[in-house]
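In what follows, chains are A, B, ... by sequence order, proteins preceding strands, each numbered from 1.
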Protein chains: 2
Amino acid sequence: MAVFDARQQRAEMRQDLRAALLSAAARIISEDGLGALTLRRLAERVNVSTKAVYTLFGGKEGLLEALYLDAFDGLEVFAPEITAIASPQERLLALARSYRTYALDWPDRYAVMFGDAATGFSPSAESRRHAWNTTRPMRHTLMECKPGMSAEEADFVMRAMWATMHGVVSLELRQLIGGREMADRLFDETLIAVLNHFAVPFPADLVKVPR
Amino acid sequence: MAVFDARQQRAEMRQDLRAALLSAAARIISEDGLGALTLRRLAERVNVSTKAVYTLFGGKEGLLEALYLDAFDGLEVFAPEITAIASPQERLLALARSYRTYALDWPDRYAVMFGDAATGFSPSAESRRHAWNTTRPMRHTLMECKPGMSAEEADFVMRAMWATMHGVVSLELRQLIGGREMADRLFDETLIAVLNHFAVPFPADLVKVPR
DNA sequence: CGCTTGAGGTAACGATGTTTCCTATGGTAA
DNA sequence: TTACCATAGGAAACATCGTTACCTCAAGCG
């Protein structure tokens with residue numbers, strides 16, 4: 001009993017340290033960008049040595065993979081406020097817009113999710129599957145918008161939506177799109193273009209686009 | 001005269017060294033990825049010291065900016081073979097597909113164009129304008145597809161196309177899309193969805209999409 | 001011909017990810 | 001209980017990175 005408690009306490013401390021490192025890393029990234037995430041700086045902030053990152057994550061690559069998973073999980077944090085919306089169409093639109101808001105609010109977290117190979121990190125197949133799974137609420141809402149839609153079709157349309165959302169957001173973050181209102185229109189219109197193409201009922205007046 | 005020749009020869013050697021560094025850098029990136037591009041390795045391959053990169057580019061960031069511009073210029077290399085196509089619609093489709101081919105053939109060059117801030121490099125406003133200018137042939141073809149289209153509208157539709165193309169290609173490169181044939185369909189269908197949405201005449205049977 | 005200017009090599013500097021060595025603490029078998 | 005052992009984590013060294021003083025030296029100038 002005492003032994004079990006001690007073991008459990010050790011496991012908890014391990015988890016606590018892991019969580020502390022992850023949150024500190026996320027904070028560093030939010031504050032000074034992904035390039036500022038250094039093992040020494042991270043360790044100093046949590047008051048441990050850099051070795052802790054190796055025992056817990058196996059190195060910086062493992063740390064980045066954990067941050068990758070956390071960043072995708074963060075996408076779902078918006079869901080609670082949105083699931084209350086009755087209309088599936090409005091809910092789908094809200095989910096899509098929250099995706100963009102998330103990316104614009106935490107561009108460096110988004111960079112972890114879609115950053116290139118310069119970081120030396122490439123997510124594992126399992127992590128990529130996890131990333132895809134975070135689109136489940138959106139796929140579910142999508143099927144509510146078009147009853148009778150097969151799961152395969154929903155998957156395909158979801159990928160199309162994801163691609164267009166990511167495309168607009170990615171170009172916007174790199175300032176390859178004009179201004180904010182241009183990106184607003186672009187996001188809504190490409191979204192509605194894809195939904196219309198796949199015959200997903202979507203009232204056009206839902207998206208207020210000045211033409 | 002002899003003075004001018006000598007000066008010209010010096011300038012030429014400068015340009016030669018600059019070109020040699022750029023091509024060697026591109027080769028290193030193609031061979032071992034963007035993370036393998038090191039000033040020491042680059043200098044060794046061209047048989048100069050790392051200082052040459054500083055006098056010619058001002059540092060690694062300047063080198064990356066030059067590679068950024070070159071990578072976008074590489075997009076237009078496909079144009080000559082494509083401009084021969086008579087039908088504007090088929091030409092537009094060919095241009096779009098060549099964009100994807102370019103990205104899939106040189107993923108690391110594409111990473112330089114759209115890589116995140118982890119490299120510590122962010123293109124200047126002028127470089128971004130140059131990047132946008134490489135879409136000119138596509139915009140021109142777009143206007144041929146829909147006579148009477150204003151330049152502003154063409155710009156907007158071009159941005160929508162770019163976003164969807166980049167979105168699909170980006171997810172594909174990160175293996176966030178199923179297989180090759182899935183990405184094939186996704187690319188063509190999102191493209192046609194956008195063009196249809198903006199009322200660009202585009203024969204549906206031009207894109208062979210098994211439904 | 002003496003002077004200046006600038007490109008480019010050498011070597012050092014600070015910082016990074018990683019590894020090696022060591023310590024100490026908690027669990028385990030006799 | 002006691003002696004052994006496994007493991008987490010700290011300290012410091014290592015290889016490598018981008019960068020920068022410092023120097024050399026050849027080309028252009030009066």
Side-chain angles (χ1 to χ4, degrees), chain A residues 1-22 24-25 28-29 32-67 112 115 117-122, chain B residues 1-22 24-25 28-29 32-67 112 115 117-122:
Chain A
M1 186 60 165
V3 171
F4 179 73
D5 279 356
R7 184 178 298 174
Q8 184 178 356
Q9 190 178 348
R10 268 176 66 90
E12 277 178 10
M13 286 182 62
R14 245 183 89 93
Q15 282 307 106
D16 285 355
L17 178 54
R18 189 188 149 91
L21 284 170
L22 281 177
I28 290 175
I29 289 176
D32 297 322
L34 184 54
L37 179 60
T38 293
L39 291 193
R40 283 178 173 81
R41 181 170 171 185
L42 172 62
E44 186 191 22
R45 190 175 281 215
V46 190
N47 276 107
V48 294
S49 95
T50 59
K51 197 70 179 20
V53 177
Y54 284 85
T55 62
L56 283 169
F57 300 98
K60 190 174 188 183
E61 193 167 336
L63 174 69
L64 284 172
E65 180 136 10
L67 289 170
V112 174
T119 64
F121 148 72
S122 177
Chain B
M1 186 58 165
V3 172
F4 178 74
D5 278 355
R7 184 178 296 173
Q8 184 177 358
Q9 189 179 349
R10 269 176 65 90
E12 277 176 11
M13 286 182 62
R14 244 183 90 94
Q15 283 306 107
D16 285 354
L17 178 54
R18 189 188 149 91
L21 283 171
L22 281 178
I28 290 174
I29 290 176
D32 296 324
L34 185 53
L37 179 60
T38 294
L39 291 194
R40 285 178 172 80
R41 181 169 171 187
L42 172 62
E44 186 191 21
R45 189 172 282 215
V46 190
N47 275 107
V48 293
S49 92
T50 60
K51 197 76 193 348
V53 177
Y54 285 84
T55 63
L56 283 169
F57 299 98
K60 189 174 188 181
E61 194 167 334
L63 174 69
L64 283 172
E65 181 136 9
L67 289 170
V112 174
T119 64
F121 148 72
S122 176

- [ ] Grab the two heavy atoms, one from Val46(A) and one from Ala20(A), that are nearest each other, plus how far apart they are.
- [x] CG1-CB, 4.0 Å
Just distance, no hydrogens or angles: give the donor-acceptor pairs under 3.5 Å from side chains in residues 52-63 of chain A, sequence neighbours left out.
residue, atom, partner, partner atom, Å
Thr55(A), OG1, Ala52(A), O, 3.0
Lys60(A), NZ, Leu37(A), O, 2.9

Which atom pairs link the protein and nucleotides 11-18 of chain D when you take only N or O atoms and keep those under 3.5 Å?
residue, atom, partner, partner atom, Å
dC17(D), OP1, Thr38(B), OG1, 3.3
dG18(D), OP1, Lys60(B), NZ, 2.7
dG18(D), OP2, Leu39(B), N, 3.0
dG18(D), N7, Arg40(B), NH1, 2.8
dG18(D), O6, Arg40(B), NH2, 2.8

Task: Atom-pair distance (CG on Asp16(A); P on dG9(D)), nearest Å - done: 12 Å
- [ ] May I have the distance from Asn47(B) (atom CG) to dG8(C) (atom P), rounded to whole angstrom?
- [x] 14 Å
Task: Whole-Å gap separating C1' (dG10(D)) and CG (Leu56(A)) - done: 14 Å
Open item on the list: If I take atom CG from residue Asn47(A) and atom CG from residue Leu17(A), how far apart are they, to the nearest 0.5 angstrom?
Closed with: 11.0 Å
- [ ] Please round to the nearest 0.5 Å and tell me the distance separating atom CG of Leu39(B) and atom OG of Ser49(B).
- [x] 10.0 Å
TODO: Write down the distance between CG (Leu42(A)) and P (dA15(C)), rounded to a whole number of angstrom.
DONE: 17 Å
TODO: Provide, to the nearest angstrom, the distance between the CG atom belonging to Leu17(A) and the P atom belonging to dG10(D).
DONE: 8 Å
Open item on the list: Listing request: all salt bridge (Lys or Arg N to Asp or Glu O under 4.0 Å) pairs with a residue in residues 41-57 of chain A, at least two apart in sequence or in separate chains.
Closed with: Glu31(A)-Arg45(A), Asp32(A)-Arg41(A)
Task: Between dT18(C) (C1') and Glu61(A) (CD): distance, integer Å - done: 13 Å
- [ ] Rounded to the nearest angstrom, tell me the gap between atom CZ in Phe57(A) and atom P in dG17(C).
- [x] 15 Å
Open item on the list: Any side-chain N or O of Thr55(A) below 4.0 angstrom from OP1/OP2 of dG9(D)?
Closed with: yes
Open item on the list: In whole Å, I'd like the distance from the CZ atom of Phe121(A) to the P atom of dG17(C).
Closed with: 15 Å
Open item on the list: Using every non-hydrogen atom in the two residues, find where Ile28(A) and Ala36(A) come nearest and quote the distance to one decimal.
Closed with: CG2-O, 3.6 Å
